[in-house]
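Index from 1, following the sequence. These numbers were taken from a predicted model, which means no experiment stands behind them.
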Amino acid sequence: MPRSATVNQEMRERSRERILAAALEVFAANGYEAASISDITTAAGVSRGLVSYYFATKEQLAAELLDRWLDGIAGILTIQGTPDERLAGIIDGALMAAATTLHIQRLAISLMMLPTTHDVFARVEQAKSDRLSLVEDAIRDVFAARGAADPAVEEMLLRATLEGVTVKLAIYRETFPLEAIRRRLYAGYNLPTPTAPLPIASPAVDRLRAKP
């Protein structure tokens, strides 16, 4: 019996997701520039033709993954509560994302920082400009409600701080004291002390050292 259009669509979606998951795994293991479509084909367990059907180039694969990463950032638009509660939610959301989605965080960091791949990141960011502006404005509204003299500068500083935390966490995953950093951020913004730790492992404060 021929498959229905719905079943065919579901199979196509599963294949596409399988390829994207394999691409993220390969990018994380080899780096974007060293990764090849052949590597991704092997990791996904599919034919090269199927990969090419969905994604004509490696850049398109990276762009789709970055697109989802940027959509994830937009999750802060759903945070409700007082300005303090919203700021705490933004901080916690960013720290949780950094700790639980390291593969995509590392891909984003590498693409935005390396001169040879920065244009890939810039093109995806530009395509999402309107949605990112909503995120920026939401953070600025929080700081405005808290009485900041320059909410735009505060938004940029917070994002730069959280992105710096993400970079350090990506490098020093086993030794980065995420919970202590979280509490220091709360204190720096005069937020109430968290009543419970984040639901992820966090080593005690010592020294940042990479482990092989």
**Report entry** Minimum side-chain heavy-atom gap V46-S15 below 4.5 Å
**Finding:** no

Report summary line: d(Y172 OH, L178 CG) to nearest 0.5 Å is 16.0 Å

Report task. State, to 0.1 Å, how close L77 and A138 come at their nearest heavy-atom pair, and which atoms those are. Result -> CD2-CB, 3.7 Å

**Report entry** Transitive ILVMFWY side-chain link V153 to V142, under 4.5 Å
**Finding:** no

**Report entry** E17 and L20, any side-chain heavy atoms less than 4.5 Å apart
**Finding:** yes

Requested in this report: Check whether any side-chain heavy atom of V165 sits under 4.5 Å from a side-chain heavy atom of F176, and report yes or no.
Outcome: yes

Query raised in the report: For K168, does the NZ atom have more than 12 heavy-atom neighbours from other residues, nucleotides or ligands under 6.0 Å away?
Result: no

Report task. Show the numbers, then the answer: is there a side chain to side chain donor-acceptor pair (under 3.5 Å) between T175 and R207? Result -> CA-CA 7 Å; T175 57; R207 299 181 189 277; over 6 Å; no

Query raised in the report: Are L158 and F143 side-chain neighbours, meaning at least one heavy-atom pair lies under 4.5 Å?
Result: yes

Query raised in the report: Side chain of R140, backbone of P151: donor and acceptor closer than 3.5 Å?
Result: no

Query - By salt bridge (Lys or Arg N to Asp or Glu O under 4.0 Å) - contacts of E154 (at least two apart) - result: none

Query raised in the report: If only atom types and distance count, is the side chain of H118 paired as donor or acceptor with the main-chain N or O of M113 below 3.5 Å?
Result: no

Query - Worked check of side-chain contact (heavy atoms from CB on, under 4.5 Å) between I37 and L61 - result: CA-CA 10 Å; I37 293 294; L61 276 162; 3.9 Å; yes

Requested in this report: Calculate, to the nearest 0.5 Å, the distance between atoms CD1 and NZ belonging to I73 and K128 respectively.
Outcome: 10.5 Å

**Report entry** Closest non-hydrogen atom pair between A99 and I200, with its separation
**Finding:** CB-CD1, 3.3 Å

Query raised in the report: Is the shortest heavy-atom distance from the side chain of I171 to the side chain of L208 under 4.5 Å?
Result: no

Query raised in the report: With no hydrogens and no angle check, is any side-chain donor or acceptor of R106 less than 3.5 Å from a backbone partner on A170?
Result: yes

Report task. Please answer whether the main-chain N or O of D137 pairs with a side-chain N or O of E155 as donor and acceptor at a distance below 3.5 Å. Result -> no

Requested in this report: Check whether any side-chain heavy atom of R16 sits under 4.5 Å from a side-chain heavy atom of F55, and report yes or no.
Outcome: yes

Query raised in the report: Is the side chain of T166 donor-acceptor paired with the backbone N or O of A98 at a distance under 3.5 Å, no angle test?
Result: no

Report summary line: V26 and A43 have their tightest heavy-atom pair at CG2-CB, 3.8 Å

Query raised in the report: Same hydrophobic cluster for L157 and L162, using side-chain heavy-atom links shorter than 4.5 Å among ILVMFWY?
Result: no

Query raised in the report: Under a single-linkage definition using a 4.5 Å side-chain heavy-atom cutoff for Ile, Leu, Val, Met, Phe, Trp and Tyr, are I91 and M156 assigned to the same hydrophobic cluster?
Result: no

Requested in this report: Heavy atoms only: give me the nearest A180-V205 pair and the separation to one decimal.
Outcome: CB-CG2, 3.5 Å

**Report entry** Approximate separation, where rounding is to 0.5 Å, of Y189 OH and I90 CD1
**Finding:** 10.0 Å

Query raised in the report: Going by heavy atoms in the side chains, are I139 and E136 under 4.5 Å from each other?
Result: no

Report summary line: Paired with W69, the side-chain contact (heavy atoms from CB on, under 4.5 Å) test is passed by just one of L111, I104, L107, namely I104

Report task. Could you tell me which residues satisfy side-chain hydrogen bond (donor to acceptor under 3.5 Å, both in side chains) with R146, sequence neighbours excluded, listed by chain and number? Result -> D84

Query raised in the report: What distance separates I19 CD1 from L50 CG, expressed to the nearest 0.5 Å?
Result: 4.5 Å

Query - Residues R183 and T193: side-chain donor-acceptor under 3.5 angstrom - result: no

Query raised in the report: Under 3.5 Å, is there a donor-acceptor pair linking the side chains of D39 and T42?
Result: no

Query raised in the report: Same cluster or not: are L114 and L65 linked, directly or through other Ile, Leu, Val, Met, Phe, Trp or Tyr residues, by side-chain heavy atoms under 4.5 angstrom apart?
Result: no

Query raised in the report: Between the main-chain N or O of E33 and the side-chain N or O of K58, is there a donor-acceptor pair closer than 3.5 Å?
Result: yes

Query raised in the report: Is it the case that more than 12 heavy atoms not belonging to R123 sit under 6.0 Å from its CZ atom?
Result: yes

Query raised in the report: Which pairs, with at least one residue in residues 92-104 and sequence neighbours excluded, count as a side-chain hydrogen bond (donor to acceptor under 3.5 Å, both in side chains)?
Result: D92-R182, D92-Y186, T101-Q105

**Report entry** Reported CG-to-CD1 distance for the pair L102 and I109, which is rounded to 0.5 angstrom
**Finding:** 8.0 Å

Query raised in the report: Does T82 use its side chain to pair, donor to acceptor, with the backbone of E85 at less than 3.5 Å?
Result: yes

Requested in this report: Might you point out which heavy atoms bring T41 and S47 nearest each other, and give the distance in Å?
Outcome: CG2-C, 3.7 Å

Report summary line: In terms of heavy-atom contacts, F27 and A35 come closest through CD2-CB, 3.6 Å

Report task. Please lay out, stage by stage, how E125 and M112 fare under the test side-chain contact (heavy atoms from CB on, under 4.5 Å). Result -> CA-CA 10 Å; E125 187 179 52; M112 72 174 74; over 6 Å; no

Report task. State yes or no: do V167 and L70 share one hydrophobic cluster built from I, L, V, M, F, W and Y residues joined by side-chain heavy-atom distances below 4.5 Å, directly or via other members? Result -> yes

**Report entry** Donor-acceptor under 3.5 Å (K211 side chain, R173 main chain)
**Finding:** no

Query raised in the report: Rounded to the nearest 0.5 Å, how far does CG of N30 lie from OG of S36?
Result: 7.5 Å

